[in-house]
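So the structure is just underneath, and the comments pick up after that.
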There are 2 protein chains.
Amino acid sequence: MATTSLRTLQPRKTPVQERSAATVDAILQAAIQVLVSVGKERLTTTLVAMRAGVSVGTLYQYFPNKSALLQASLKRHMHGVATSVDHICKEYRSTSLLTMGSVLIDAYLSAKMRNVKESAALYAVSSDLDGLAIAKAAHARGCRVVAELFATASEGLTKDPEIVATMVMAALNGVSRRLLEAKSPEREHAPLREELLVLVRGYLLTCIQTKPAI
Amino acid sequence: MATTSLRTLQPRKTPVQERSAATVDAILQAAIQVLVSVGKERLTTTLVAMRAGVSVGTLYQYFPNKSALLQASLKRHMHGVATSVDHICKEYRSTSLLTMGSVLIDAYLSAKMRNVKESAALYAVSSDLDGLAIAKAAHARGCRVVAELFATASEGLTKDPEIVATMVMAALNGVSRRLLEAKSPEREHAPLREELLVLVRGYLLTCIQTKPAI
DNA sequence: TGTTTAGATGAAGGAACCTTCAGCTTTGGA
DNA sequence: TCCAAAGCTGAAGGTTCCTTCATCTAAACA
């Protein structure tokens, strides 16, 4: 069963010409647009194809079924966020824990806020059975990378970096979700970011071995 | 449209005899069970009716449509959690902020962990268009109640209680979701609870006017 | 006991929509 | 220019599942 779902996730046909690569891209973009405008419940493959300017048949040449299409959309979105975080994690190795926390918050939040509607709409996808696995995997990978970053902190850690990373990421998730589902996320962005900074800083301070003056 | 959805949410028929009240209860319980066993995607009204030991027709006498059924299930679940939090918020007025944070975490987490599968399965419902409104409303109400609690803290607050409550609840949500979606939530419950305590305590300390020794 | 009302039934209507496939068009190279 | 391969089309098949309603049973009450 797992084998089947993994196999069916693969594109039916791999684009070899340039135009088909553009088609796949258009379909994925259209999927997001439809998701944003009508929601996951009312998204149909025909609607997505129309929006992409192709026929349904074309869609089914690159995605074996509707679920695969949604999963691909979700993966694409999460990959964007993950890339931002990865970048930060490479760049800020061996700095102070508080710096790490601060830049992590900025990277994660601004990646999510880059396209508010899209991020919010994809929550519906990441909650169903197929999406959940992808979301979990992405989250787990994110925690691992952040844990590795924390392990290089100039101050020593009193706790397992994995646990610290898990907590920070969970808080980040909670607050960003709250933000994305707010009436006007743009307006609340700055204040919530500040407050999140306070929250994470307070926590990270308790994870440092020799407490500094600040 | 809002009027329509509100009207259709109302039960089609109000139970007047005792047996029908029991039927409604059985249907709601069955909805949760089906949700847990096959997920929201594959839940059908016929399946729910079968599980409840009634016919589909009976289901449609109390719920105007499938969406209303799911919404009712979600409401029931959230009401359970809200009741726990409300209770705490009445009981711990005028205590210290740290006490409030601690009992809040316990109340919220144990309410969610009371039935792990159910809580996890309902995330799918709370993410779709109909469920989102309910979830948001419940969350907003929770924040308001907690903010009122925080406003009575024996120590003075340096910030708007609403903001403090929002952050604490967002962190709570993030961590409990992470917990509920873990492979074995029971095993991780205690350690994550401890860590959540540290996280929230650290934050609340920064919200107190005159910093105490502890 | 008879009548009225509440409650329950489940086959069938019918809409929605995923997915296929036989045939058409475009592209790239020989 | 011409052909083979890649790409595209969209009507139609088929399935799933929501929802209804004519009909039956159980309960309350006089």
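Values below: all heavy atoms of this structure, side chains included; hydrogens, waters and symmetry mates excluded. Chain A is the first sequence line, chain B the second, and so forth, proteins listed ahead of strands; every chain is numbered from 1.
Spacing between atom CG of A:Asp130 and atom P of C:dC18 amounts to 14 Å, rounded to whole angstrom units. Taking atom CZ on B:Phe63 and atom C1' on D:dT20, their separation rounds to 18 Å, with Å as the unit. Nucleotide C:dC17 holds its P atom 14 Å from the CG atom of A:Leu70, rounded to whole Å. Residue B:Arg42 contributes atom CZ, which lies 15 Å from atom C1' of D:dT15 at whole-angstrom precision. Taking atom CD on A:Glu41 and atom P on D:dC18, their separation rounds to 12 Å, with Å as the unit. Distance, A:Arg19 CZ to C:dT27 P: 6 Å, rounded to whole Å. Computed from coordinates, the B:Met50 CE to C:dT9 C1' distance equals 14 Å when rounded to whole Å. For A:Leu69 and C:dT19, the CG to C1' distance is 13 Å, given to the nearest whole Å.
With D:dC8, C:dC18, C:dG10 as the choices, the nucleotide that has an atom nearest any side-chain atom of A:Tyr60 turns out to be C:dC18. You'll find that the side chain of A:Lys66 is closest to C:dT19, out of D:dT19, D:dG7, C:dT19. For A:Gln61, the listed nucleotide lying nearest its side chain is D:dC8; candidates were C:dT19, D:dC8, C:dT9. When distances run from any side-chain atom of B:Tyr62 to the nucleotides C:dT27, C:dG7, D:dT20, the shortest one goes to C:dG7. For A:Thr44, taking side-chain heavy atoms from C-beta onward, the closest of the listed nucleotides C:dT26, C:dC18, C:dG7 is C:dC18.
Contact annotation: A:Thr58 side-chain N/O to D:dT9 OP1/OP2 distance is under 4.0 Å. Under 4.0 angstrom from either OP1 or OP2 of D:dG7 there lies at least one side-chain N or O belonging to A:Ser20. For C:dG10, the OP1/OP2 oxygens have no side-chain nitrogen or oxygen of B:Ser55 closer than 4.0 Å.
Ion pairing between a basic and an acidic side chain is recognised when a charged N comes within 4.0 Å of a carboxylate O; A:Lys183 and A:Glu188 show no such pairing.
Of the options A:Ile105, A:Val175, A:Leu179, a side chain to side chain contact (heavy atoms under 4.5 Å, CB included) to A:Arg193 is made by A:Ile105 and by none of the others.
Each of A:Val56 and B:Leu59 has a nearest nucleotide on DNA chain C; the 5'-most of these lies closest to B:Leu59.
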Could you walk me through whether B:Phe63 and B:Val24 pass the side-chain contact (heavy atoms from CB on, under 4.5 Å) test, one step at a time? CA-CA 9 Å; B:Phe63 301 94; B:Val24 171; 4.2 Å; yes
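Here OG1 of B:Thr46 is found 15.0 Å from CZ of B:Arg51. Values are rounded to the nearest 0.5 Å.
Among the atoms of the strands shown, base atoms are found under 4.0 Å from some heavy atom of B:Thr45.
In this structure, the side chain of A:Ser119 engages the main chain of A:Asn115 through a donor-acceptor pair within 3.5 Å.
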